[in-house]
Amino acid sequence: MRLSKMFIPTVRETPSEATAESHKLMLRAGYVRQLAAGLYIYLPLGWRVITRINRILREEMDAIGAQEVSMPVLQPAEQWQQTGRWFDIKEEMFRLKDRGGRDMCLGMTHEETMTWLASREIRSYRQLPQIWYQIQTKLRDEARPKSGILRTREFLMKDSYSFDASVEGLRESYKLHEDAYHRIFTRCGLKFYQVESDTGMMGGAIAHEFMAPSPSGEDDIILCAACGYQANVEVAGSVPPAASFDEETPYEDVHTPEKRTVEEVSRFLKEPPEHFIKSILLIAGEGPVLALLRGDQQLHEKKLQRLTGPFRAAGKPEIREILGVEAGFIGPMDHEGIRIIADPVLRTGVYITGANKPHHHRKGVRAAVNFQAAWHDIHVAAGGDGCPRCGAALRVEKAIEIGNIFQLGTKYSKALNAVFLNESGAEEPIIMGSYGIGPARIAAAAIEQNHDRDGIIWPDAISPFDVEIIPLGAGDSPEVESAAWDLYRELDKNGTEVLLDDRDLRAGVKLKDADLIGIPRQIIIGERNLKEGFVELKDRRTKEVRRIRPAMAPDALKAAGGE
RNA sequence: CGGGGCGUAGCGCAGUCCGGCUAGCGCACCUGCUUUGGGAGCAGGGGGUCGGAGGUUCGAAUCCUCUCGCCCCGACCA
């Protein structure tokens with residue numbers, strides 16, 4: 001491809017709205033343009049990257065026996081109503097009516113449609129298993145689109161769905177995807193982790209996310225180097241660092257005038273936060289719940305929500321009414337008929353907590369002796385905590401979610417009556433899994449993980465081109481120009497994807513642009529070197545330059561992995 | 001949805017607090033000459049009515065009201 005014929009609008013200055021590195025570079029290097037919040041146009045270079053990623057997705061999905069289909073983006077409300085998600089999902093779903101007044105929506109994912117198809121067509125266990133996938137546009141009216149291409153309202157997704165006759169079958173389909181995903185992300189040149197994740201409103205029991213570490217990531221993941229435990233903080237367990245206590249502390253009240261927060265009391269009494277019990281009153285659907293945490297820990301709302309259902313913080317008047325205490329001086333002792341959920345770290349130790357009377361805290365408080373509670377992990381895991389499996393110190397990293405896999409079970413098949421007859425002629429619901437990958441996120445994560453001050457450094461497999469030929473001063477030197485074209489034809493003939501910068505521009509501009517665009521290898525043809533029979537092969541990442549004979553270029557590229 | 005910030009030429013910005021001549025600067029763009037291995041130099045030139053609407057005023061980019069858009073933090077993220 002000739003650069004002069006290709007639309008690659010590079011810019012020197014970064015548009016001010018971009019903050020994520022990948023976003024800045026994609027704008028500067030002419031890969032994308034923004035149409036509106038969360039809506040992006042892919043320019044020729046950007047689309048080539050997406051196309052290459054999609055090719056890898058197709059190859060690996062086909063390799064596990066998955067079959068590509070294409071589903072409508074515009075969908076009737078009916079199936080969504082049958083699964084209940086029409087009502088569970090709020091503003092995030094784009095809804096509209098057709099001319100006949102029928103409720104429709106734009107697909108944000110395709111469980112409903114895929115399951116509907118299965119319900120119509122699958123009759124017998126003999127037709128199972130099936131894996132169907134598509135690479136299709138999804139639409140979600142995101143509360144806050146952000147970070148360029150990372151969180152958009154319209155995006156491409158590879159989504160596949162498995163249909164099995166048994167739980168064992170589901171596990172196999174899940175494993176196939178797990179392995180395929182590892183191959184896909186490895187081929188795309190990404191550093192990534194597979195972590196345990198929340199099933200969220202997808203339902204089902206087991207789920208994993210594939211996470212590409214990056215400072216622009218929206219998720220925190222918890223990692224144990226010792227045993228390999230890896231989980232999203234959404235679900236990660238941990239053992240907070242042990243604290244030491246004075247076992248002799250008497251059970252008595254201390255005067256703490258106007259000291260309400262753990263921080264205030266901690267400073268006032270000169271006791272570290274881990275010697276305190278934080279008591280938080282919440283109002284759940286079933287009524288008030290008192291949550292207990294160690295003073296240095298944070299309440300993990302999602303973990304608690306799994307126990308109590310949705311809740312909200314109690315207001316000050318409610319606290320007085322329900323507990324008879326002023327906010328800031330709540331303790332877990334002596335409450336009748338209120339559900340108390342405590343983090344297990346509080347099982348041992350001697351604590352300070354609110355005395356249930358104004359301006360007083362109580363010392364010497366022990367679990368089981370002074371209060372009873374149901375024990376559940378309700379704290380946020382943090383770096384430095386102990387691993388829940390092996391006890392070693394945990395690490396936290398920010399990461400971009402590039403893929404996820406869910407064991408759905410029968411949630412959708414039951415709702416949409418997708419059933420089959422088993423070997424003994426009995427009707428059973430199909431057992432499903434669903435599996436997603438965001439191609440744009442792969443591209444963004446690749447840039448986040450592979451760039452330098454000068455621009456993008458594409459991993460070989462997803463670079464828009466394999467090599468860029470940069471003739472310098474071609475306009476004045478027919479030799480340079482014809483050498484460039486000879487090389488171009490030669491490489492092209494081999495199936496190498498070549499970008500030739502045939503623009504009549506100064507050397508500096510071409511070299512800067514080449515670094516920005518980020519094709520992993522450059523062949524620079526200059527007059528002086530050419531007179532001696534050489535061109536330069538430059539590695540974008542290392543900046544290492546080798547003088548080679550033009551005839552050696554195809555082999556040299558192959559050796560460098562640039563095919 | 002809560003909090004914050006920003007909309008002035010294609011891009012990046014100054015001017016706004018404290019209204020006052022033809023609204024500036026850099027980059028990009030056009031013309032000419034010179035230059036040509038890391039975003040060239042000189043000279044000349046084109047382009048904006050200040051996000052939009054309404055108001056205050058002799059006078060509004062600047063003050064007031066409303067509104068639209070974009071970004072960031074949080075909530076949310078099926």
Side-chain angles (χ1 to χ4, degrees), chain A residues 9-20 23-24 27-30 33-40 80 83-94 105-112 138-148 150-153 155 157 159 197-204 207 209 216-219 232 234 301-302 305 310 312-313 400-401 404 406 408 411-412 434 436 438 441 453-455 470-477 480 501 503-517 522 524-531 535-536 538 543 545:
Chain A
T10 60
V11 291
R12 200 185 310 205
E13 283 172 302
T14 314
S16 56
E17 69 264 24
T19 51
H23 189 198
K24 288 183 197 170
L27 287 171
R28 281 226 295 141
R33 286 296 182 261
Q34 182 176 12
L35 175 65
L39 297 175
Y40 280 83
W80 291 85
T83 62
R85 290 161 109 190
W86 180 262
F87 312 102
D88 296 338
I89 299 168
K90 303 269 154 49
E91 309 97 313
E92 200 170 341
M93 179 186 267
F94 282 108
C105 65
L106 301 180
M108 35 201 311
T109 173
H110 283 74
E111 279 77 13
E112 276 76 2
K138 309 289 183 221
L139 292 115
R140 296 179 189 173
D141 196 356
E142 288 286 349
R144 181 148 99 87
K146 58 182 286 199
S147 305
L150 275 178
R151 182 159 216 92
T152 53
R153 293 192 289 178
F155 58 99
M157 179 162 138
D159 48 325
S197 71
D198 192 11
T199 52
M201 291 287 286
M202 289 292 261
E209 288 165 337
S216 292
E218 299 182 271
D219 290 275
N232 193 311
E234 296 296 326
E301 298 190 0
K302 283 225 167 121
Q305 206 173 98
R312 60 179 172 82
I400 296 165
E401 181 188 347
N404 53 39
F406 294 91
L408 296 175
K411 172 176 170 166
Y412 297 93
S434 84
R441 285 190 168 184
R453 197 183 326 125
D454 297 313
I470 310 166
L472 301 179
D476 301 314
S477 165
V480 167
D501 193 348
R503 297 174 301 175
D504 184 19
L505 289 173
R506 312 175 66 79
V509 179
K510 290 188 177 188
L511 294 168
K512 285 285 187 190
D513 266 357
D515 286 351
L516 222 207
I517 288 168
Q522 305 168 356
I524 302 166
I525 306 177
E527 206 166 359
R528 280 193 293 275
N529 278 313
L530 192 62
K531 275 199 179 115
V535 297
E536 289 166 286
K538 182 170 172 183
K543 310 249 166 163
V545 176

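Residue numbers begin at 1 in each chain, while the letters A, B, ... track the order of the sequences.
Put simply, the side chain of A:Ser477 gets close to the backbone of A:Val480: a donor and an acceptor are under 3.5 Å apart. The closest donor-acceptor contact from the side chain of A:Lys510 to the backbone of A:Ile470 lies at 3.5 Å or more, if one exists at all. In this structure, the side chain of A:Arg28 does not engage the main chain of A:Glu13 through any donor-acceptor pair within 3.5 Å. Using modelled atom types, one side-chain atom of A:Gln34 and one backbone atom of A:Ala36 make a donor-acceptor pair closer than 3.5 Å.
Residues forming a side chain to side chain donor-acceptor pair (under 3.5 Å) with A:Asp501 (at least two apart in sequence, or on another chain): A:Arg503. For A:Thr83, the side-chain contact (heavy atoms from CB on, under 4.5 Å) partners two or more places apart in sequence, or in a different chain, are A:Arg85, A:Glu112, A:Tyr412, A:Ala415, A:Leu416.
Summarising the geometry, the separation between NZ on A:Lys146 and C1' on B:rC70 is reported as 15 Å, rounded to the nearest angstrom. Going from atom CD of A:Gln305 over to atom C1' of B:rC76 covers 12 Å, rounded to whole Å. To the nearest angstrom, P of B:rC70 lies 14 Å from CD of A:Glu142. Atoms CZ (A:Arg33) and P (B:rC11) sit 10 Å apart, rounded to a whole Å. For A:Leu150 and B:rC76, the CG to P distance is 19 Å, given to the nearest whole Å. In this structure, CG of A:Leu35 is placed 13 Å from C1' of B:rC70, rounded to the nearest angstrom. In this structure, A:Asp219 atom CG and B:rC76 atom C1' are separated by 13 Å, rounded to whole Å. Atom CD in A:Glu92 sits about 15 Å away from atom P in B:rA75, given to the nearest Å.
Heavy atoms of A:Ser147 sit under 4.0 angstrom from primed sugar atoms or phosphate atoms, though from no base atom. Among the protein residues, A:Arg140 comes within range of the sugar-phosphate backbone only, with heavy atoms under 4.0 Å from sugar or phosphate atoms but none that close to a base. Within the 4.0 angstrom heavy-atom criterion, only backbone atoms of the sugar-phosphate kind lie near A:Gln34; the bases stay farther away. Within the nucleic acid shown, A:Ala36 comes within 4.0 Å of sugar-phosphate atoms alone, with no base atom in reach, counting heavy atoms only.
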* To do: Determine, for nucleotides 33-40 of chain B in 5'-to-3' order, which nucleotides have protein heavy atoms under 4.0 Å from the base (write B), from only the sugar-phosphate (write S), or from neither (write -).
  => --BSBBBB
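Taking atom C1' on both nucleotides, B:rG52 is separated from B:rG12 by 24 Å, rounded to a whole Å. For B:rU56 and B:rC11, the C1' atoms lie 35 Å apart once the distance is rounded to whole Å. Across B:rA23 and B:rG46, the matching P atoms stand 15 Å from one another, rounded to whole Å. One P atom belongs to B:rC66, the other to B:rG45, and the distance between them is 46 Å to the nearest Å. For the P atoms, the distance linking B:rC42 with B:rG26 amounts to 11 Å, nearest Å. With both ends at atom P, the span from B:rU67 to B:rA75 equals 27 Å, rounded to whole Å. Look at the C1' atom in both B:rA14 and B:rC50: the space between them is 13 Å, to the nearest Å. Rounded to a whole angstrom, the distance from the P atom of B:rG51 to that of B:rG15 is 14 Å.
Of the side-chain N and O atoms in A:Ser16, one or more sit less than 4.0 angstrom from OP1 or OP2 of B:rC13.
Ion pairing between A:Glu142 and A:Arg153 fails under the 4.0 Å rule for side-chain N and carboxylate O.
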* List the steps, then state whether salt bridge (charged side-chain N to carboxylate O under 4.0 Å, His left out) holds for A:Arg312 with A:Glu301. => CA-CA 10 Å; A:Arg312 60 179 172 82; A:Glu301 298 190 0; over 6 Å; no
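Atom CD of A:Glu91 has 12 or fewer heavy atoms from other residues, nucleotides or ligands within 6.0 Å.
Nucleotides of RNA chain B nearest to A:Pro15 and A:Gly38 differ in position, and the one nearer the 5' end is that of A:Pro15. Comparing A:Lys302 and A:Gly148 against RNA chain B, the residue whose closest nucleotide sits nearer the 5' end is A:Gly148.
Set against B:rC71, B:rC72, B:rC76, the side chain of A:Glu17 has B:rC71 as its closest nucleotide. Distance from the side chain of A:Ala37 is smallest to B:rC71 among B:rC71, B:rG12, B:rC76.
Pairing for B:rG19 is absent, judged as Watson-Crick or G-U wobble with the two contacts each under 3.5 Å. Base pairing analysis places B:rG7 opposite B:rC68; the two distances defining the Watson-Crick or G-U wobble pair are each below 3.5 Å. In a base pair of the Watson-Crick type (N1 to N3 plus N6-O4 or O6-N4) or a G-U wobble (N1-O2 and O6-N3), with each distance short of 3.5 Å, B:rA14 is matched with no nucleotide. With a cut-off of 3.5 Å on both pairing distances, the Watson-Crick or G-U wobble partner of B:rG74 is B:rC1. Across all strands shown, B:rG32 forms a Watson-Crick or G-U wobble pair, both distances under 3.5 Å, with B:rC42.
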